[in-house]
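Here is the structure we will look at.
In what follows, chains are A, B, ... by sequence order, proteins preceding strands, each numbered from 1.
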2 protein chains.
Amino acid sequence: MAKKSRAAPRREESLSRDRIIEASIEILDSSGEDGLTFRALSERLATGPGALYWHIADKSDLLTAACDAVVARAMAAPAVATTTPRETICALALGLFDAIDAHPWVGSALTRASGRLPIVRIIERLGQQVCALGVPRAHQWATVSALLHYIVGVAGQNAANAQVARTQGSDRSEFLDAMATTWSHLDPDDYPFARSVAAQLRAHDDRVDFLAGVDLILRGIGAAHPR
Amino acid sequence: MAKKSRAAPRREESLSRDRIIEASIEILDSSGEDGLTFRALSERLATGPGALYWHIADKSDLLTAACDAVVARAMAAPAVATTTPRETICALALGLFDAIDAHPWVGSALTRASGRLPIVRIIERLGQQVCALGVPRAHQWATVSALLHYIVGVAGQNAANAQVARTQGSDRSEFLDAMATTWSHLDPDDYPFARSVAAQLRAHDDRVDFLAGVDLILRGIGAAHPR
DNA sequence: ACCTGAACACCGTTCAAGT
DNA sequence: ACCTGAACACCGTTCAAGT
């Protein structure tokens, strides 16, 4: 047996906020929101639950920090000077959509992060482009707010869908299929529209619909503030 | 002492799904999401926690049902024949906004109710008006989806704000004030936009901003599908 | 300063037993 | 058929005690 080197640390790396957040993201990605517990997390980090509280305030802090790490990456892509503000907004929105698609738990974390850092990052990037679009100062906040709420709304719905699919053990298409079937059995007098779109539901592409919504808002901005 | 009448029931009314949901709404309104526990609920209904499971599947079922009761009321208002589809959509959106403002927990419940009854109710009412607007069949779903996600997004944010305000014991204006202060202290190079809107944040009216967002989407619909 | 891990005060849910 | 309430398997969080 090899002799222990002097002052060998208990872990390969000592505990730190960043290491905790990194481990949290891994657990969230593999086991979902319900899988992230202080016990599971401390086990993975080879420590006790109490140790985590030295580096993070509470679970909400942990979730927001994990969310922020993902959002920061998605918002880090620099704006290319040769693109229009409109294109940049679409790119930012799509970047967020894809990040949330890859990490569904970010969707629900974002919903609970109002006013916190991850939301401010998004507001800042959107806001700069809304200014560049020529929206007058008095309307800038409401405009950014509309874009933000739409994006966060879709994010939350996607997270919820993923959560349902996870707990039911079914994948997305099975989930959509079951939903479409339920809708097509609704009362024709009370729910004519829901019945009529049930079929489209099976084939639709969330990403395309998401972009269509962003496009609608951008058109609205253009119509409200013609240059 | 009055003689007990024969066959006196243990409770004034026997347990039922509706009574459970009604009591849940009262608890949610007075104590928030965290206040709704099976123990608090069974105590208020003078029964044991296990009894509730005879009438409801689980907590998610309970929350969705409570949410649906509120949404159903907000969506029940009949469309007046003399109004335009546009006005009806605004009225529906405002009705939901006010319902969620009065019952903040509905916001987060809605986010987790994708494809369930409360969401279908909203989709149906919006969908009929979107049809009336003359949106071509192929674009109806994406259009309704944009409106829905925006509304649910705002709802979720409002619920989160109310939740933060509740746990901090502060009211909405204190919360907004603290947020504005934090934002105004952000780094000027990294967050010029967030800093510039921080002041507006203190004075802004959520309801007005919400309507501005609905208006933006409606303008976008008009621009995308001119009649 | 940082970590340990038992203990506390809860949860949602189940289920044998009652009526 | 409907209800009871103890019991189960968890949570997040705290804190005296260690290094």
Do the side-chain N or O atoms of A:Trp54 get closer than 4.0 angstrom to the phosphate oxygens (OP1, OP2) of C:dC3? no
Protein-nucleotide distance (B:Glu43, atom CD; C:dG12, atom P), rounded to Å: 14 Å
To the nearest Å, how far apart are B:Leu15 CG and C:dT19 C1'? 15 Å
List the protein contact pattern of nucleotides 13-18 of chain D with one symbol per nucleotide (5' to 3'): B for base contact, S for sugar-phosphate-only contact, - for none; contact means a heavy-atom distance under 4.0 Å. BBB---
Go ahead and write out DNA chain D as dot-bracket, 5' to 3': ( ) for pairs within the strand, [ ] for ones crossing earlier pairs, | when the partner sits on another strand, dots for unpaired; Watson-Crick or G-U wobble, both distances under 3.5 Å. ||.|||||...|||||.||
Please determine which of B:Ile123, B:Val130, B:Val120 meets the side-chain contact (heavy atoms from CB on, under 4.5 Å) test together with A:Phe193. B:Ile123
Give a yes or no on whether B:Gln200 atom CD has more than 12 heavy-atom contacts from other residues, nucleotides or ligands under 6.0 Å away. yes
Which of B:Leu147, B:Leu117, B:Val144, B:Val71 passes side-chain contact (heavy atoms from CB on, under 4.5 Å) with B:Ile122? Answer is B:Val71
Quick one: A:Leu45 CG to C:dG5 C1', roughly how many Å, whole number? 16 Å
Expressed in angstrom and rounded to an integer, what is the separation of A:Leu41 atom CG from D:dC11 atom P? 12 Å
With side-chain hydrogen bond (donor to acceptor under 3.5 Å, both in side chains) as the rule and sequence neighbours excluded, what pairs involving residues 175-192 of chain A come up? A:Asp177-A:Arg202, A:Thr181-A:Arg202
Looking at B:Asp34 and B:Arg166, is any side-chain nitrogen of the basic one under 4.0 Å from a carboxylate oxygen of the acidic one? no
Rounded to the nearest Å, what distance is computed from the CG atom of residue A:Leu52 to the C1' atom of nucleotide C:dG5? 12 Å
Which part of the nucleic acid, if any, lies within reach of B:Ile56 when heavy atoms closer than 4.0 Å are counted: base, sugar-phosphate only, or nothing? nothing
Once the angle between the rings of A:His149 and B:Tyr150 is folded into 0 to 90°, is it parallel (under 30°), tilted (30 to 60°) or perpendicular (over 60°)? perpendicular
Spacing between A:Ile20 atom CD1 and C:dC2 atom P, to the nearest angstrom: 12 Å
Counting distance only, does the side-chain N/O of A:Ser31 pair as donor-acceptor with the main-chain N or O of A:Leu28 below 3.5 Å? no
Is the number of heavy atoms from other residues, nucleotides or ligands under 6.0 Å of A:Glu43 CD greater than 12? no
Can you check the B:Asp34 CG to D:dC11 P distance for me, whole Å? 18 Å
Between B:Leu63 (CG) and C:dG12 (P), how many Å, whole number? 11 Å
Would you call A:Arg112-A:Glu33 a salt bridge at under 4.0 Å N-O? yes
